[in-house]
Protein chains: 2
Amino acid sequence: MSPVGRPRIFDMEAVLEAAMLLFWEQGYEATSLAQLREATGLSSASLYGAFGSKEGLFEKAVEHYIAGPGSVTDVVADEAESPREAIARLLHGSINMQTDTSHPRGCLVALSGTTRAPGAGQAGARKVVAARRAADRARIRACIVRGIASGELAEDTDVDGVTSMIHGFLLGISTQVCDGTSARHLHAAADAVLANWDAQGR
Amino acid sequence: MSPVGRPRIFDMEAVLEAAMLLFWEQGYEATSLAQLREATGLSSASLYGAFGSKEGLFEKAVEHYIAGPGSVTDVVADEAESPREAIARLLHGSINMQTDTSHPRGCLVALSGTTRAPGAGQAGARKVVAARRAADRARIRACIVRGIASGELAEDTDVDGVTSMIHGFLLGISTQVCDGTSARHLHAAADAVLANWDAQGR
DNA sequence: TCAATATCGGATCAGTCAATCCATAACTAG
DNA sequence: CTAGTTATGGATTGACTGATCCGATATTGA
């Protein structure tokens, strides 16, 4: 169990937190190693020794995000909640998290990796966030399937259509938050989306 | 009227089209001057003589986008259409444009400038697209106000809430298209959003 | 024909990029 | 103790970044 060699002296959690905040604020591309070094207090050698590359550090930072602030979307997979309640918590919880001023605005996963530059490292960074978006989408879809099974939604509900509506609105929250749309208006919008859910149910 | 000095020999439209496609595909940051030179066939001197900076070129390329593919959102300001029809055309038209395989996926305006790096040029580039997003949002809002005035929507409709719902979904289309969501599912989602519009009306 | 003006291609600039190297330090296993 | 392994700080790498400079060229107005 005890590792061979000189042990790490830096706090992995603190480093990932600092890197996450930087990537969140500026995006993968715009964040330089020099900034990451300053924010984490580590040297290039330590950074590359621990993460292998800028892309590797981004991956770990995204995992840290998903386990932290990004975990607000996990409620949608909670089968103890009714499907409607799960979607409601997903939307309102995401709005609350993204408008929280104690960290950068919007969602790291929603805003990263939406361009397709030919660069080497960028492809990997894009894959990490795209995978999380796909996972969120799949969980929303499963929630809607549950809603049909439980009778909350009509039998003939277009599953992928409603999924795209919910997921599309969820993704759009990030850009709106970036542009300064208030939490109040977004919560009202989420309620409007949920009213739609109710309308589908009869 | 006739300008003094050696006249330009390059085709401004063709250059803006090439630059637009590159920025659209890769984003502002990830697109290098070397790529822009190759795509446009111009030298650095010509590029800087005509546009002043990479940021200036981006601004003109965005204007070219807005006048071209991006003009699909203009229908929402067409007062000859009923508000509901205007929103319907806005959403379905945007989906058709963004999933058109003859150009990069998604919307240049929706996907650019959502991060806040401290770089000099980036701030200006961000402003251009943010201004367009704000304009789109204002036009959607005006359309909803019209809908209330015409009786399509209830008197007590939450204007900013419905605006955020429509605009949020519109912005979310781009990320979904980037991730490969099919046009069929997105059109179904747009119909679901519009069903919500109808529900608000009674 | 002769300034004045502006664009052209191509070379070039200082600065920054992500990544690597090296000598040293700190640990474990035998 | 020694040998092997890994982390650390700091200097350094070649490649690329956006931007500028230069001499040559093409046009207008006098």
Side-chain angles (χ1 to χ4, degrees), chain A residues 1-16 18-19 22-23 26-61 112-113 115 117-126 128, chain B residues 1-16 18-19 22-23 26-61 112-113 115 117-126 128:
Chain A
M1 248 319 157
S2 47
V4 173
R6 179 174 174 175
R8 290 210 171 98
I9 56 171
F10 68 81
D11 179 352
M12 177 64 81
E13 283 293 305
V15 164
L16 288 179
L22 218 46
F23 283 129
Q26 308 184 345
Y28 175 77
E29 303 247 345
T31 303
S32 69
L33 257 305
Q35 291 176 312
L36 289 164
R37 270 187 308 236
E38 190 185 354
T40 61
L42 296 186
S43 65
S44 291
S46 296
L47 241 24
Y48 278 81
F51 306 104
S53 63
K54 182 186 176 187
E55 184 187 336
L57 174 55
F58 180 75
E59 286 184 30
K60 295 296 181 188
S112 301
T115 51
Q122 196 174 3
R126 189 168 62 233
V128 184
Chain B
M1 248 320 157
S2 49
V4 173
R6 179 175 175 175
R8 287 206 176 102
I9 56 171
F10 68 81
D11 180 351
M12 178 64 80
E13 283 293 305
V15 165
L16 288 179
L22 218 46
F23 283 129
Q26 307 185 344
Y28 175 77
E29 302 248 343
T31 303
S32 70
L33 258 304
Q35 291 175 314
L36 289 164
R37 269 186 308 226
E38 189 184 353
T40 61
L42 296 187
S43 65
S44 290
S46 295
L47 242 24
Y48 278 81
F51 306 104
S53 64
K54 182 188 176 185
E55 184 187 335
L57 173 57
F58 180 75
E59 285 185 31
K60 295 296 181 187
S112 301
T115 50
Q122 197 174 1
R126 189 169 63 232
V128 184

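Naming convention: chains lettered A, B, ... in sequence-line order (proteins, then strands); numbering from 1 in each chain. This one's a predicted model, so the numbers in the text were calculated from it and none came from an experiment.
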Inset, instruction - Mind checking the CG-CG spacing from Leu22(B) to Leu57(B)? Nearest 0.5 Å is all I need. - result: 9.5 Å

Inset, instruction - Give a yes or no on whether the backbone of Thr115(B) and the side-chain of Arg126(B) come within a donor-acceptor separation of less than 3.5 Å. - result: yes

Legend entry - Approximate separation, where rounding is to 0.5 Å, of Leu42(A) CG and Ile9(A) CD1: 8.5 Å

Inset, instruction - Rounded to the nearest 0.5 Å, what's the gap from OG on Ser32(A) to CD on Gln26(A)? Could you check? - result: 7.5 Å

Legend entry - Between P of dC16(D) and CG of Leu36(B), the distance in whole Å: 16 Å

Inset, instruction - Please work out whether the ring planes of Phe23(B) and Tyr28(B) are parallel, tilted or perpendicular, with thresholds of 30° and 60°. - result: parallel

Legend entry - Between dT17(D) (P) and Glu38(B) (CD): distance, integer Å: 12 Å

Legend entry - Spacing between Phe10(B) atom CZ and dA26(D) atom P, to the nearest angstrom: 17 Å

Inset, instruction - May I ask you to test the Leu33(B)-Tyr48(B) pair for a side-chain heavy-atom distance under 4.5 Å? - result: yes

Legend entry - Between dA19(C) (C1') and Leu42(A) (CG): distance, integer Å: 16 Å

All N/O pairs under 3.5 Å across the protein-nucleotides 13-15 of chain C interface:
none

Legend entry - Consecutive Watson-Crick or G-U pairs in runs of at least 3, all under 3.5 Å, in which DNA chain D is involved: C:1-30 with D:1-30

Inset, instruction - Using a heavy-atom cut-off of under 4.0 Å over every strand shown, decide if Ile9(B) touches base, sugar-phosphate, or nothing. - result: sugar-phosphate

Inset, instruction - Look at Ser43(B) and dG10(C) and indicate whether a side-chain polar atom (N or O) is within less than 4.0 Å of OP1 or OP2. - result: no

Legend entry - Separation of atom CG in Leu47(A) from atom P in dC21(C), rounded to whole Å: 17 Å

Inset, instruction - Any chance you could list the contact pattern along nucleotides 18-24 of chain D? Use B for base contacts, S for sugar-phosphate-only contacts and - for none, protein heavy atoms under 4.0 Å, 5' to 3'. - result: SBBB---

